[in-house]
Amino acid sequence: MNEIIFIITLVLPALAYLGIGITIVKSISKLFNFNISNTNYYLSSFLWSLGAMSHIFLSYLIYRSGLNIQVSFWITLAFLVVFSNKDLVNVQTIFRAIQSSRPNISSILFFLITFVLGLTLFDINNGIKTIWVNNYADLPFHLGIISNFVFGNKPLTEYHVFPGQPFSYTVLFNFWTACLWSSLPEYKYLDLIFLIQWVIVWFFVYQGLTNNRRNYNDVLPWLILLAGSTYPLLLSNINIGFSSVPKGFSHTGIETGYPITSLLSTIWIPQRSSLIGLGIAAVCLSQFFSSMNVAKNFLINQKEYAISLVSISLLLGISLLAHFHILLAVFLSLSIILLWDFIEKIFYTKKFPLAEPSFVLTFIISAIIPLRILSGKTNIIEFIDGWMTKDPFSFYDLSLMWITNLSLLGLVFIYFLYKLPKRYALSVVILFIIGNVLKLSSWEWDNYKFFIGAFVVLVFYTSYFVRLSKYLELIVVISILPGIYEASKIFLSETLTTIYSEEDLYLASQIRTTTPADSIIAGVPDHNSAITLAGRRIFMGYEGWLSSHSIDYKERQYMNTNLNVLVNCLSRYNKEICPTYYLSSSPSLESGYLERTEVPRLYKISLK
């Protein structure tokens, strides 16, 4: 019976999302006093994503108001189903979605490999383990958020690793995962949800780069999947090169002049928000080109064109709460292109165009709530003297860093830019400049995700305008050998690193059954603490997460290491922040302010 409920939770919303997306587009058309007779030029992947993200976004807002996560999820879905009942079963659109898929050797191989990779995201035998080295620290952060969504009875609007600090994090993907998992919260089902979401994203990427394109480039999806890392690191690892170049995985070179890391092992797998950002970017860019086909003659079809642009902008805006850097790069690039079009239309028609201003205005309106939620961090937007270069700014050092890191891949990018129409190439160049002069993250290296956004944009533009010869496809493959080497080295090693042992899982379940769902628990700030896995908030979490999220934790760190100060928490903070339990690293601890519980090492605190 439980499995049936879980299947319904997965399948029922997925079946509804396409119809919801169609209804949203039709509703937008009414604002333009224009009834769309059909949605044939809207990609099914775009419509499905628009329906899905609208549902998850609205569910999250309702959840933040105080409702249970399952109640929020299903009430919102019921409303949207009633709202779009006429479009829920659109046989023509579903048939077109199936028909648009063109299986060939490349697509079969791509999906086979991405599916196998999805199976390795984490392992749940005898604990929770992973082969992906960068997932060791990142996965517990995401699991902690998901667990707090599912097992907490108080809306998680603050950091689970630092109560009292409002969430300034792109949580929508983890919230979606938690909504699906909450019907049957066993780890084997969470593993399945991760896999399904992984496959969906890569399906959208492959479809967007290969289907409905006049230039069919099989190699471009592989470029998105496996790009990154550097040739100096590759040569160093096979004992060819200079001794100053570090050995090991690409993340070891971040602070030593090699910040370009393997996308698969440092971004797509461990940084789940970036993964959903990639998926949304793929469907929005694909739909943009579908819209451009409608508006080839800008003297006609302007309302249909405007409706499509507004739909794209709406999805980009609300999805900033799912991922920021990649989607911001997509919006800025499209805005630059549309500004060029806007000026041309005014020059030739002497009329004020409707579509382009509507795109920007819709994004501003739809992004208000996500940006308000994300605005809690400090030191987010600052001018920098070149990305990951030493101060003072040196154009020579910056150029050398990029040339050394990109190597052959940089030449591939330059060729892509050269072959693009000027407005498209210019938009990518501007994105590259922005990433080198403006810091958009607490930790400067996180700007890498903005550069990845520019990279994704460039690859999608190339898929539409450039046909690669077999010779150039070979060069692209050679250019991503460092990324292929790192991914294969990790994958073939089959070395599982334990994040949570069986004892940790058991301890987490004990904490969950012993403490109230809204408890705050103090303890050692390990990244893989059983406290957050239990779905409880930790008084002070892993320092690396706190610093990278621009959270000042020094005072709380002092309290956390001094038990006598900790029990006097009420003299510094209000009751909503102070811990009510303490998880000791020692099997035996005596204090007049600690009361033993049934769980070993877990004490109830008598606060003063």
Side-chain angles (χ1 to χ4, degrees), residues 60 63-64 66-69 72 122 128 135-179 181-182 185 187 190 194 270-273 321-322 373-374 376-377 442 499-500 504-505 507-553 556-557 559-560 569 573-583 602:
Y60 181 66
Y63 164 80
R64 286 178 66 97
L67 287 183
N68 172 274
I69 187 170
S72 304
F122 65 90
I128 297 179
N135 217 14
Y136 180 72
D138 285 53
L139 182 60
F141 182 79
H142 297 292
L143 292 180
I145 294 175
I146 293 168
S147 296
N148 270 269
F149 278 141
V150 173
F151 299 115
N153 65 358
K154 178 180 179 181
L156 187 65
T157 57
E158 302 172 345
Y159 277 95
H160 63 302
V161 292
F162 205 83
Q165 179 73 27
F167 241 141
S168 299
Y169 183 71
T170 48
V171 300
L172 223 53
F173 197 27
N174 284 329
F175 179 76
W176 182 18
T177 304
C179 288
W181 191 45
S182 60
Y187 290 110
L190 183 61
F194 271 50
Q271 301 204 23
R272 282 174 52 77
S273 297
L321 198 52
I373 293 174
L374 297 174
K377 293 182 182 178
S442 302
I499 303 176
Y500 295 104
D504 293 329
L505 297 184
L507 176 59
S509 66
Q510 284 186 305
I511 292 173
R512 194 178 301 133
T513 56
T514 303
T515 62
D518 60 350
S519 296
I520 297 174
I521 303 175
V524 178
D526 293 328
H527 69 279
N528 55 346
S529 172
I531 296 171
T532 54
L533 187 65
R536 302 295 182 260
R537 292 168 293 163
I538 188 170
F539 180 64
M540 196 202 91
Y542 177 53
E543 292 96 330
W545 294 337
L546 303 181
S547 60
S548 64
H549 286 80
S550 194
I551 296 174
D552 183 5
Y553 60 88
R556 203 171 292 191
Q557 183 183 45
M559 294 177 63
N560 203 50
C569 177
Y573 300 122
N574 62 47
K575 189 177 180 180
E576 298 299 318
I577 297 176
C578 291
T580 51
Y581 288 86
Y582 180 74
L583 183 63
L602 182 66

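Keep in mind it's a predicted model, so treat the numbers as computed, not measured. Each residue takes its place number in the sequence, starting with 1.
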Exercise. With a 4.5 Å heavy-atom cut-off, do Ile128 and Leu143 have their side chains touching?
Worked result: yes
Problem set entry | Backbone of Cys179 reached by a side-chain donor or acceptor of Ser182 within 3.5 Å | yes
For this session: Check Pro525 against Gly541 and note the closest heavy-atom contact, atom names and distance.
Result: CB-O, 3.2 Å
Problem set entry | Non-neighbouring partners of Asn135 that pass side chain to side chain donor-acceptor pair (under 3.5 Å), sequence neighbours left out | none
Seminar exercise, completed: The reported gap from CG in Leu139 to CD in Gln271 (rounded to nearest 0.5 angstrom) is 12.5 Å
Problem set entry | Exercise: identify the closest heavy-atom pair between Ile577 and Pro163 | CG2-O, 3.7 Å
Seminar exercise, completed: The side chain to side chain donor-acceptor pair (under 3.5 Å) partners of His527 (sequence neighbours excluded) come to none
Exercise. Closest heavy-atom contact between Met540 and Arg556?
Worked result: SD-C, 3.9 Å
For this session: Enter the distance from Thr532:OG1 to Asn148:CG here, rounded to the nearest 0.5 Å.
Result: 7.5 Å
Problem set entry | Parallel, tilted or perpendicular: rings of Phe175 and Tyr63 (30°, 60°) | tilted
For this session: Show your reasoning for whether side-chain contact (heavy atoms from CB on, under 4.5 Å) applies to Phe162 and Glu158.
Result: CA-CA 7 Å; Phe162 205 83; Glu158 302 172 345; over 6 Å; no
Exercise. Relative to each other, are the rings of Tyr169 and His142 parallel, tilted or perpendicular (30° and 60° limits)?
Worked result: tilted
For this session: Indicate the atoms forming the closest heavy-atom contact of Ile520 with Glu576, along with that distance.
Result: CD1-O, 3.1 Å
Problem set entry | CD1 on Ile538 to CG on Leu533, rounded to 0.5 Å | 11.5 Å
Exercise. Does any N or O in the side chain of Tyr159 come within less than 3.5 Å of the main-chain N or O of Ser168, such that one atom is a donor and the other an acceptor?
Worked result: yes
For this session: State the CD1-CG distance between Ile531 and Asp504, to the nearest 0.5 angstrom.
Result: 11.5 Å
Problem set entry | Residue pair Leu156 / Phe167: nearest heavy atoms and the distance that separates them | O-CD1, 3.4 Å
For this session: Can you spot which of Phe141, Phe539, Tyr542 makes a ring-ring contact (aromatic ring centres under 6.0 Å, His included) with His160?
Result: Phe141
Problem set entry | His549 vs Gln165 side-chain heavy atoms within contact, under 4.5 Å | no
Problem set entry | Point-to-point distance, once rounded to the nearest 0.5 Å, from CD1 of Ile373 to CG of Leu172 | 8.5 Å
Problem set entry | Straight-line distance of Ile145 CD1 to Phe149 CZ, nearest 0.5 Å | 6.5 Å
For this session: Using the test side-chain contact (heavy atoms from CB on, under 4.5 Å), find all partners of Thr515 that sit at least two apart in sequence or belong to another chain.
Result: Ile511, Ser519, Ile521, Arg536, Tyr581, Leu602
For this session: State, to 0.1 Å, how close Ile499 and Asn528 come at their nearest heavy-atom pair, and which atoms those are.
Result: O-ND2, 2.9 Å
Problem set entry | Arg512 side chain vs Ala534 backbone, donor-acceptor pair below 3.5 Å | yes
Exercise. Counting N and O atoms only, with roles assigned by atom type, does the side chain of Thr170 sit under 3.5 Å from a partner on the main chain of Ser273, one being a donor and the other an acceptor?
Worked result: no
Seminar exercise, completed: Given the options Phe122, Trp181, Tyr500, Tyr187 meets ring-ring contact (aromatic ring centres under 6.0 Å, His included) only with Trp181
Problem set entry | Arg272 versus Thr177, side-chain donor and acceptor atoms under 3.5 Å | yes
